[in-house]
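Chain letters run A, B, ... following the sequence lines, proteins first and then strands; every chain starts at 1.
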Number of protein chains: 2
Amino acid sequence: MSQQVPALPDLPEATVARLPEYLRALHHLAESGNDTVSSEALAAAAGVNSAKLRKDLSHLGSYGTRGVGYDVALLIDQIEYVLGLTHRRAVALVGVGNLGHALAGYAGFGSRGFRIAALFDADPGRVGEHINGLVVRHIDELPEIAEAESIAIGVIATPATAAQSVADRLVAAGVTSILNFAPCVLSVPDGVDVRKVDLAIELQILSFHEHRKASLIALPAAGGLTALPGGLAATGTEEAVGS
Amino acid sequence: MSQQVPALPDLPEATVARLPEYLRALHHLAESGNDTVSSEALAAAAGVNSAKLRKDLSHLGSYGTRGVGYDVALLIDQIEYVLGLTHRRAVALVGVGNLGHALAGYAGFGSRGFRIAALFDADPGRVGEHINGLVVRHIDELPEIAEAESIAIGVIATPATAAQSVADRLVAAGVTSILNFAPCVLSVPDGVDVRKVDLAIELQILSFHEHRKASLIALPAAGGLTALPGGLAATGTEEAVGS
DNA sequence: CGCGATTTGTGCACGACTTCACAAGCGCCT
DNA sequence: AGGCGCTTGTGAAGTCGTGCACAAATCGCG
């Protein structure tokens with residue numbers, strides 16, 4: 001018939017979340033001159049288990065060669081295709097305060113498939129400011145610019161109080177994916193994806209582990225000993241990069 | 001007989017990751033003058049399912065009242081205790097570039113249990129700079145300052161090339177939790193926790209969903225299309241969002 | 001040409017997390 | 001006091017993700 005390759009396999013979310021990590025590791029390997037890589041080596045570079053990596057890659061059709069490994073360049077193409085990175089996606093950044101300023105200047109976006117196509121803010125005092133070669137527009141201009149630049153992804157870096165309203169305006173302007181840095185829950189229509197990054201939450205999670213570690217030390221090996229699975233004590237045989 | 005408060009229950013990781021979200025929602029409710037809240041209402045405010053919320057809270061001893069709900073103030077205390085937020089934790093921030101600068105000025109840390117106690121950079125040109133009331137120190141000073149300030153949490157906002165070396169120095173200085181913004185895998189000894197935030201990865205995950213949505217629209221019901229490796233056909237069939 | 005070394009792809013069992021559904025508990029009203 | 005409505009806490013079932021272990025496939029070499 002016509003096509004062999006499935007258009008876009010339904011990938012497990014967990015796999016999707018790891019593909020970018022593999023991609024980064026692969027680019028690194030390619031720059032180091034590697035043509036092929038084994039699942040073991042790539043897994044180590046990406047900080048995961050090799051079986052998991054093979055299963056992840058198998059979901060997207062598997063282009064490895066048994067006894068040899070994966071072709072680095074081919075795998076890069078594969079993953080970039082699946083992630084939709086075959087062209088640069090235009091991104092709108094709303095909120096040019098402290099964090100937004102930094103995001104606007106972050107080189108990592110440009111080098112990994114994205115182009116910040118427009119900056120917006122609601123504060124007239126900020127409109128007109130030049131950042132990294134872009135001029136800050138007023139948020140009222142969002143609809144036209146989103147249309148003109150084919151923007152489908154928006155980043156919210158405003159205070160939490162403004163975030164929902166900005167999200168609504170982004171959606172109205174045709175944005176269907178939002179990355180939210182504001183510490184609040186956004187409600188959006190079906191079909192719009194939201195991912196959230198909350199810096200304080202990350203620290204609070206670490207704080208929990210600090211607290212737990214401290215309390216474990218405070219309570220020596222006395223009575224309880226509880227349900228600590230097997231001998232988590234001193235397993236010298238550690239090799240995987242922990243995380 | 002003796003202990004009223006369970007030392008520290010073993011919480012599922014997924015639960016730990018949601019507790020900060022509940023906490024934020026609770027603070028919001030408290031400011032709005034609510035004394036009690038039902039699991040349904042709190043779940044909505046935190047963006048989760050109410051059964052999940054109840055199960056999460058039940059893990060930490062459950063202080064709800066049937067027929068009424070949860071006491072907001074009590075629950076805040078409970079969660080803050082479990083997360084180890086009963087005192088402000090000192091944080092060291094390494095790397096005062098684009099992103100580090102923004103993080104140093106981010107008010108959300110201060111208002112949610114953390115105190116940025118020191119800024120470090122390796123670039124002598126940056127040492128001495130004042131940011132938000134703090135002076136940037138050279139990274140060589142890390143050991144003494146970490147000791148003096150009892151710093152157990154470190155944030156890495158350096159380029160990827162420097163991140164592993166910074167992590168090693170943080171660990172050597174007694175840091176046991178690291179929040180890593182550099183796009184690379186860190187390897188650390190057992191007992192040290194690492195969390196990673198990669199801004200480009202978040203966008204790439206959104207990009208995948210964009211790609212999938214676009215391909216679903218492009219393919220009404222038909223089978224596959226899409227050329228793969230050899231061609232990487234520059235599919236001009238991408239969205240046109242504004243329609 | 002066949003053999004052994006190597007590495008992928010995957011069936012399967014296990015564990016973690018989610019969701020449903022409901023009994024048990026609590027306060028309020030009569 | 002007793003019943004009723006509301007809400008929590010949780011058993012149980014279902015879903016998802018992980019990791020092991022091994023057969024299948026490929027390459028290099030004698």
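Note: CG (D10(A)) to C1' (dC16(D)) measures 14 Å, nearest angstrom. Rounded to whole angstrom, the span from the CG atom of L75(B) across to the C1' atom of dT8(D) amounts to 13 Å. In this structure, CG of D71(A) is placed 15 Å from P of dT26(D), rounded to the nearest angstrom. Taking atom CG of residue D56(B) and atom C1' of nucleotide dA16(C), one finds them 13 Å apart after rounding to whole Å. Taking atom CG of L42(A) as the reference point, atom P of dT7(C) lies 14 Å away to the nearest angstrom. For the pair H59(A) NE2 and dT8(C) P, the interatomic distance rounds to 16 Å; values are reported in whole Å. Put simply, CD on E13(A) is 15 Å from C1' on dC17(C), counting in whole angstrom units.
By the 4.0 Å N-to-carboxylate-O rule, D198(B) lies close enough to R112(A) to be salt-bridged with it.
Checking S58(A) against G67(A), the closest nucleotide of DNA chain C that is more toward the 5' end is the one next to G67(A). Taking the nucleotide of DNA chain D with the nearest heavy atom to each of A51(A) and V37(B), the more 5' of the two is matched to V37(B). Where E40(B) and K52(A) each meet DNA chain D at their nearest nucleotide, the meeting point lying more 5' is that of E40(B).
For the residue pair E80(B) / T86(B), no side-chain donor-acceptor distance below 3.5 Å is found, with atom types taken as modelled. Side-chain N/O atoms of D71(A) and Y63(A) include no donor and acceptor closer than 3.5 Å.
Taking the side chain of A14(A) as heavy atoms from C-beta on, and the options dC17(C), dC26(C), dT18(D), the nearest nucleotide is dT18(D). Of the candidate nucleotides dC26(C), dG17(D), dT8(C), dC26(C) has the atom nearest to the side chain of R66(B). Of the candidates dT8(C), dT10(D), dC17(C), dT8(C) carries the atom nearest the R54(A) side chain, counting heavy atoms from C-beta on. Comparing dG11(C), dC17(C), dC26(C) by their closest approach to the side chain of K55(A) singles out dG11(C). Proximity note for S38(B) (side chain, C-beta onward) versus dA21(D), dT10(D), dT7(D): the nearest is dT7(D).
Between Y70(A) and dG9(C), a side-chain N or O to OP1/OP2 separation shorter than 4.0 Å is present. OP1 or OP2 of dC17(C) has not a single side-chain nitrogen or oxygen of N49(B) nearer than 4.0 Å. OP1 or OP2 of dT18(D) has at least one side-chain nitrogen or oxygen of R18(A) nearer than 4.0 Å. Side-chain N/O atoms of S39(A) include one lying less than 4.0 angstrom from OP1 or OP2 on dT8(C).
The one candidate from T36(A), L26(A), L57(A), L29(A) that meets the side-chain contact (heavy atoms from CB on, under 4.5 Å) condition with Y70(A) is L57(A).
Residue N34(A) holds its CG atom at 10.5 Å from CG of L42(A), rounded to the nearest 0.5 Å.
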